[in-house]
Protein chains: 4
Amino acid sequence: MGAVKTKRMPRAVREQQMLDAAVETFGRRGYMAASMDEIAELAGVSKPLVYLYLNSKEDLFTACIRREAEALVGAVRAGVDTGLPADRQLWDGLLAFFAHTGRHPHAWSVLHIQARTHGETFAAEAAAMRAEIVAFVTQLIVVAAREAHRDPDLPEREVAGLAEALVGAAESLAAWANTAESVTPRQAAATLMNFAWAGLGNLMTGHPWSPPEP
Amino acid sequence: MGAVKTKRMPRAVREQQMLDAAVETFGRRGYMAASMDEIAELAGVSKPLVYLYLNSKEDLFTACIRREAEALVGAVRAGVDTGLPADRQLWDGLLAFFAHTGRHPHAWSVLHIQARTHGETFAAEAAAMRAEIVAFVTQLIVVAAREAHRDPDLPEREVAGLAEALVGAAESLAAWANTAESVTPRQAAATLMNFAWAGLGNLMTGHPWSPPEP
Amino acid sequence: MGAVKTKRMPRAVREQQMLDAAVETFGRRGYMAASMDEIAELAGVSKPLVYLYLNSKEDLFTACIRREAEALVGAVRAGVDTGLPADRQLWDGLLAFFAHTGRHPHAWSVLHIQARTHGETFAAEAAAMRAEIVAFVTQLIVVAAREAHRDPDLPEREVAGLAEALVGAAESLAAWANTAESVTPRQAAATLMNFAWAGLGNLMTGHPWSPPEP
Amino acid sequence: MGAVKTKRMPRAVREQQMLDAAVETFGRRGYMAASMDEIAELAGVSKPLVYLYLNSKEDLFTACIRREAEALVGAVRAGVDTGLPADRQLWDGLLAFFAHTGRHPHAWSVLHIQARTHGETFAAEAAAMRAEIVAFVTQLIVVAAREAHRDPDLPEREVAGLAEALVGAAESLAAWANTAESVTPRQAAATLMNFAWAGLGNLMTGHPWSPPEP
DNA sequence: GATGAATGAGCGTTCATTCAT
DNA sequence: CATGAATGAACGCTCATTCAT
C-alpha cells in the first residue's frame, strides 16, 4: 500500500506526497488519532523527513487544510461562469462542489469536520474558506432577489441565515452523497436546488411561511 | 463544577454523574483529547470506579451517545403533537430541537461531531438516532404533499434527499445558533421554515426549478 | 542491579528511591545524557510512575538538587560548633564537607557540575546553597581577622575574593580526593587549612605578597 | 555571526572555522545540547563536510579540547619567563591564565566543564592539559621552598595537594571573574597570590596551622 | 569537493487500563 | 465499595549520521 517507495525525489514532489498521505490519514482517522508514523509510512518516507519538511503535526495539518481549501474553492470557482444568471451560477457551483467533495472525501472530512474540532487556529483556517463560499451564496441570493424584481431587498440578517442554511444543507448532502453510493453529484445538486431555490422563489414573491402564535 | 463529593450513593446515581462528566468532557475536548483522569475527577470519583461501572473509554463514550441521543429524540417527540398539520409539526419539532441543542451544547457536540468522527461503531450509534429524525421528517414531507393534494407522490429518493437536506440544514443552523449568541431557537426555526417550507410548497404545486441541459 | 523490585510501596518511600536513582544517574551521565528510562529502571519502577510522582525531567532534577543541597549544608552545619574559635570551625566544616562529598560523589557531581551547566533555573538552585557556604566562610574570615586583632577590617571585596578562592579550592580538592583514592577527608582538610589559613594569617599580620609593577 | 560563506578555501582553514564554530557552540550549549546542525550552520558549511573533515561529534569535540588545551597552555607558557624568581613566575602565569580564559570564555567552558562531564575519554584529554599546569605549579612550589631555604623539602603528597588546591582556586576564580564583570585579570591574580603565596610563605618558614587532635 | 535528500534509533511524555488492598 | 499504586504501549519529536549525485 501507500506510495511506491521511490528514492531521492525533489523536495516539492515529496512534500505533495506527504500532504496526500496526511490528508488521507487525517480524514480517515481524525486529527488526534492520526499518527505521524502512519502518515510517514503511507507517504513512503521516514518520519524525520516529514518533520524536516513540514515542521510539526500542527503545521502539517494546517498545510493540509490550506491546500485542500484552496483546491475546493478553486474547483467551485472554475465551475461557475459569473456572467450567467444567479440560478445557473448556483447550480454550476453546487455541481462542482459535490463533484469535488465526492472525488476527495478525505479532503472534505479534513475541511468540514477535523479542521473545525481541533483548536481555534485550524477552525479559523477552514472558516476563511467557508466564508468565501457563504459570501458567494449570499451575493447570489441578493442578485436573484433583484432579478426577481423583489423590492425592497431582503433584510441582511435574513439573507445571512438563508445562506447559512443553504451552505449547511449542501455540506450535509455532501456527506450523504459520499455515504449513499449511488447518488451522483447531479442528483445531489438537483435535490438541493429544488429544496432551496423554489423556497427562495416563494419568499421573493412575498409568500413566506408564517409561524403560528406561541 | 463537578459533582459534590458525597459518599455511598446508589450505583444508578453515580453512573449518571459519570455520564454527565463524560459528556461535558467529550464535548469540550473531543473524544481523543478527553482523558479518563479528567472525567473521573470531574465526576468526583476515582478512576477505577469509572472502569468498574462503565468498562472502558469506548463503552463510556457509547453510553454517552446513547443517553444523549435518547434525550434529544425524546425532547423533539415531546414537543410535537402528531394530531396537528404537518407544517405545525415541523415547526414544533424544530423549536424543540434548537431549544434542546442550545441548552446542551456539549451533548450536541458529542452527537453531531464526536460520534461521527471516531470509528464506525460510534458513528452507527449516532446514525440510528439521526435516522429516527430523518424518518420523522420524511413522513412529514409525504403527509404534507398529500395535504397539498399533490398527485402522484414524490419519488422516494427525492423525498429522502429532501429530508436529508432539511435535517442537514437544521444541524448546521444549530451550530450557527450556538455560536452566534443572539440567535434564539425561535429565530433559527423561523429561518429554516422560511427557507425550506416555502420551497417545498413550490415543489408541491408543481413548479420545481429545472436544471439546465448538461 | 538497582533497587530490589519490591511492589506496592508507599509514595514517600518510592519517591526517595527515585531520587536516589536520579542522583546517581545524573551524577554519572550528566543531566542531558541521563535518560528517564535508565533512572526508572535503576529505581526499579516504570517510567510513568516517575512522571506521576516527579512530573518531568526538569522537576526531577530540581528535586535532586534541592535534596542534595540540603543534605550537604546540613552535614556541614552538623559538623560545626559555632561556639569554638574560627579556625576550629573552618577545620570542622571542611572535614564534614570532604567527608560528605566523599561519601556521595554523584550528589556532589550533581551540585557542583550538573546543576551549574544546564540552565539558569538549576544554577540558581545550586547557587543558593553555595551562597550559604560562602557566607559561612566569609563570616569566619572576618571573625578570624578580629580574633587576630587585625585593625581595621579587611575591605569587603577582598574578603569576597578570598572566600571565593577558599571555597573554590575546597571544591576542587573534593574532586581530587574523590579521584585519588587514598586521600582521606582529614588529609584533604589539612592540606587546605595549611594552604589557606596560614596564608590568611600572613595577610592579617600585615605582610601581603605584592605584585610587581606591570 | 559565523564565517563569511566563501567557497573553495584550503582544508586547513575550513577546519579551523569548523573548530571555531564548534568551540563556541559546545561552550554555549554544552556537549550534548550542541547539535551538529548548529555547528555546521555557524561554520558556514554543510553538515556532510563537517563529517568529512572531523569524522564524528566525538572526534570533533576531542579536536576542540586538544586545540584549546594547547592554546591555553601555550598562552601561560608564553607569559612566563623561567629565569625569574618563583613568585614572579606564578604571578605572570596567573595573569596569562586569567587573561586567556577571560578572552575565550567558551573555550574555557569546553576545557573546564564540558570535557570533564561527558565521558572518560574527553576527561582524560583535558586532564592531560591540567596535569601540565599542575606540574608547573608543583615545581614552582618546590623551587620557592628552596629559595626560602626551607629544609628538608616538603613531602611530595603535601606539595601535590597544595598545587591541586592552588590550581583549583584559580579555576574557580576564573569562573568568578567571567561572571562578575568588573573583575580584571590583574585583580583576580592579585587576590589569588595574596591568598596563596602568603599562606605558602608561612608554611615554608615553619609555621603551619595545626589541626586539633581528632 | 560539496551537498540535498534521507533515516535508525532513541528521548521525554501521556494515556487507558489493571492489580492489591 | 472504593482506591492508591503501578504499567505496557504508543506518540510527537530530534539527532547524529550517511548516501547518491
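Here is how names work: the chains are called A, B, and so on, in the same order as the sequence lines, proteins then strands, and each is numbered from 1. Atom set for the values below is all heavy atoms of this structure, side chains included, hydrogens, waters and symmetry mates excluded.
- For the pair B:Tyr53 and F:dC1, the criterion of a side-chain N or O lying under 4.0 Å from OP1 or OP2 is not met.
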- Query: Which dot-bracket string fits DNA chain E when only Watson-Crick or G-U wobble pairs with both atom distances under 3.5 Å count, crossing pairs get [ ], and | stands for a partner on a different strand?
  - Reply: .||||||||||||||||||||

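- Applying the 4.0 Å criterion to OP1 and OP2 of F:dG4, one finds that C:Arg11 has every side-chain N and O outside that range.
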Atom pairs, N/O to N/O, protein against nucleotides 11-13 of chain E, distance under 3.5 Å?
| residue | atom | partner | partner atom | Å |
| --- | --- | --- | --- | --- |
| E:dG12 | OP1 | C:Ala34 | O | 3.3 |
| E:dG12 | OP1 | C:Lys57 | NZ | 2.6 |
| E:dG12 | OP2 | C:Met36 | N | 2.9 |
| E:dT13 | OP2 | C:Tyr51 | OH | 2.7 |
| E:dT13 | OP2 | C:Lys57 | N | 2.8 |
| E:dT13 | O4 | C:Lys47 | NZ | 2.7 |

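- Between the CD1 atom of A:Ile39 and the P atom of F:dG12 there is a distance of 8 Å, given to the nearest Å.
- For an aromatic pair to be called close, the ring centres must be under 6.0 Å apart, and D:His104 with D:Trp108 fails this.
- Formation of a donor-acceptor pair under 3.5 Å by the D:Glu68 side chain with backbone atoms of D:Ala107 is not found in this model.
- A donor-acceptor pair is defined here as one N or O able to donate and one able to accept, closer than 3.5 Å; such a pair exists between the side chain of A:Gln114 and the backbone of A:Tyr31.
- Listed candidates were F:dC15, E:dA6, F:dT3. Nearest to the side chain of A:Pro48 is F:dC15.
- Looking at B:Glu41 and B:Lys47, no side-chain N of the basic residue comes within less than 4.0 Å of a carboxylate O on the acidic one, giving no salt bridge.
- F:dA6 atom C1' lies 13 Å from atom CD of C:Gln17, rounded to whole Å.
- Between the CE atom of B:Met18 and the C1' atom of E:dA16 there is a distance of 16 Å, given to the nearest Å.
- A donor-acceptor distance shorter than 3.5 angstrom exists from the side chain of B:Lys57 to the backbone of B:Ala34, with no hydrogens or angles considered.
- A:Leu49 places its CG atom 18 Å from the P atom of F:dT18, with the value rounded to the nearest Å.
- Of the listed residues (A:Leu19, A:Leu54, A:Asp20, A:Ile39), just one forms a side chain to side chain contact (heavy atoms under 4.5 Å, CB included) with A:Cys64, and that residue is A:Leu19.
- In this structure, A:Glu41 atom CD and F:dC11 atom C1' are separated by 15 Å, rounded to whole Å.
- Atom-to-atom distance recorded for D:Thr25:OG1 and D:Met18:CE is 13.0 Å, nearest 0.5 angstrom.
- A salt bridge is absent between C:Asp59 and C:Arg66: the closest approach of a Lys/Arg side-chain nitrogen to an acidic carboxylate oxygen does not fall below 4.0 angstrom.
- D:Phe61 places its CZ atom 16 Å from the C1' atom of F:dA16, with the value rounded to the nearest Å.
- In terms of modelled atom types and a separation under 3.5 Å, the side chain of C:Thr117 and the main chain of C:Ile113 share a donor-acceptor contact.
- In this structure, CZ of D:Arg29 is placed 11 Å from P of F:dC15, rounded to the nearest angstrom.
- Rounded to an integer number of Å, the gap from C:Met9 CE to F:dG4 P is 18 Å.
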